Amino acid sequence: MNTIQMQDREAAGIFARELERQRYKLNLIASENYVSPAVLEAQASIMTNKYAEGYPGARWYHGCEHVDEIEKLALSRAKAIFDAEHVNVQPHSGAQANLAVYYALLEEHDTILAMHINHGGHLTHGTKQNFSGRWYKAVFYGVSIAAETIDMEEVGSIALKSRPKLIVAGASAYPRAIDFKAFREVADEVGAYLVTDIAHIAGLVAAGLHNDPVPYADVVTTTTHKTLRGPRGAMIMCREKYAKAIDRAVFPGVQSGPFMHTIAAKAVAFGEALKPEFRDYQAQILANAGRLAKGFAAERFRLVSGGTDNHLILIDLTGEGITGVEAADILNEAGIIVNKNSIPFDEKPPSVTSGIRIGTPAVTTRGMREKEMDMLVGMVSRVIRNKSDEGIRQEVRREVRNLCEKFPIYP
Ligand code: DSN
């Protein structure tokens with residue numbers, strides 16, 4: 001940051017304030033993480049200077065010999081992590097990865113079946129405000145009222161009625177394991193493509209700590225920056241028979257120049273994911289989430305589905321006399337960052353919500369373990385249950401800072 005500091009104090013000041021925020025606030029956003037210094041360096045590298053439309057060995061620009069090498073490295077490492085037949089590491093984001101997959105496999109107005117956003121699905125899974133809901137006919141499954149988990153019999157019967165051309169299995173706010181094999185069976189019954197969006201759980205899948213979608217899905221999409229702990233971006237994995245269609249859909253279909261600095265950072269992050277300590281990290285993410293679930297349940301908070309199998313929990317605040325947005329706001333004041341989040345069958349609008357989503361990938365990267373999760377439960381509970389008490393928030397803010405000092409993001 002020294003050069004920016006000398007050249008542009010205004011921008012440098014903003015970076016410094018963001019660094020301060022990241023250092024001294026507790027990040028419980030389930031979809032965020034802290035990349036390693038090596039990934040950060042790769043993302044800020046000279047690779048940003050190169051245009052490379054096309055694919056390794058077949059570019060529209062000259063001078064691509066080294067960016068070809070780095071893209072090939074990212075591809076071979078991604079294949080090794082997930083045992084995928086074909087990979088495309090160019091999508092700039094999860095939304096663009098999903099856009100490319102639909103573009104490759106569907107015609108306009110085809111039917112897709114996916115999890116409703118109010119039950120944990122993602123914007124790009126057919127929401128009407130998104131291209132996926134506007135260009136395709138979206139039909140939805142959700143969770144059952146009783147168990148608040150995906151009911152595969154219901155998914156099967158909706159599929160039989162709606163005959164989708166493509167089924168999406170994956171979620172942004174679902175605390176339970178997803179049965180990809182069962183989704184494959186439904187897809188086969190109705191002759192649909194199965195696309196799994198594993199953005200949230202990719203790190204767990206990579207470590208063998210969640211059901212593996214790769215043997216069952218025609219196409220798998222994921223972002224690279226959540227549990228996988230790479231740079232912001234995405235990738236697509238697919239069976240060899242879809243390789244050409246997927247590659248053409250990404251470029252020239254929906255993107256032109258790939259971000260070679262981001263692809264370089266993906267290569268470095270994938271190298272980290274292949275190391276044995278990455279599995280330990282993922283196991284600790286799970287242990288921490290399980291501990292939070294146990295702790296909040298002991299404090300008599302209601303957890304959607306009663307607990308978690310993955311890196312996140314959803315707390316239903318309906319009985320607490322506070323909305324999701326109010327809780328997220330006062331927690332932020334106390335130095336704890338969570339998402340407001342709809343809970344299944346929520347009566348409040350998505351801008352308000354009755355729930356909060358809490359995830360462990362980022363605090364686990366800081367090195368926090370079960371003991372710190374217990375402290376977190378105490379801090380979150382105190383803030384939420386004393387919403388009119390500014391003093392409690394100040395007190396927790398100090399505790400958060402102390403904890404953050406013990407677990408630095410970049411030691
Ligand atoms: N923004 C991601 C999340 O928070 O789950 C989804 O795009």
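Computed from a prediction, not measured in an experiment: that's the story for all the values here. Each residue takes its place number in the sequence, starting with 1. Just follow the structure's listing: the first ligand is 1, and inside any ligand the first atom is 1.
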Side-chain donor-acceptor pairs under 3.5 Å in residues 204-218, sequence neighbours left out?
from   : atom 1 : to     : atom 2 : distance (Å)
His210 : NE2    : Ile178 : N      : 3.2
Asn211 : ND2    : Ile178 : O      : 2.7
Asp212 : OD1    : Val214 : N      : 3.0
Asp218 : OD1    : Tyr242 : OH     : 3.1
Asp218 : OD2    : Arg184 : NH1    : 3.2
Asp218 : OD2    : Leu194 : N      : 2.8

CZ/Arg369: more than 12 non-hydrogen atoms of other groups inside 6.0 Å: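 Open: at most 12 neighbouring heavy atoms sit under 6.0 Å from CZ of Arg369.
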
Those atoms of ligand 1 less than 4.0 Å from some heavy atom in Arg357: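 Here the atoms of ligand 1 in question are 3 (C), 4 (O), 5 (O).
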
Side chains of residues 229-236: which donor-acceptor partners sit under 3.5 Å, not counting sequence neighbours?
from   : atom 1 : to     : atom 2 : distance (Å)
Arg229 : NH1    : Thr365 : OG1    : 3.0
Arg232 : NH2    : His225 : NE2    : 3.4

Test item: Arg366 side-chain N/O and Arg23 main-chain N/O as donor-acceptor pair under 3.5 Å: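 It does hold such a pair.
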
For [atom], what is the nearest protein heavy atom, given as residue, atom name and distance?
atom: atom 1 (N) of ligand 1; result: Ser31 OG, 4.4 Å
atom: atom 5 (O) of ligand 1; result: His200 NE2, 2.7 Å
atom: atom 7 (O) of ligand 1; result: His122 NE2, 2.7 Å

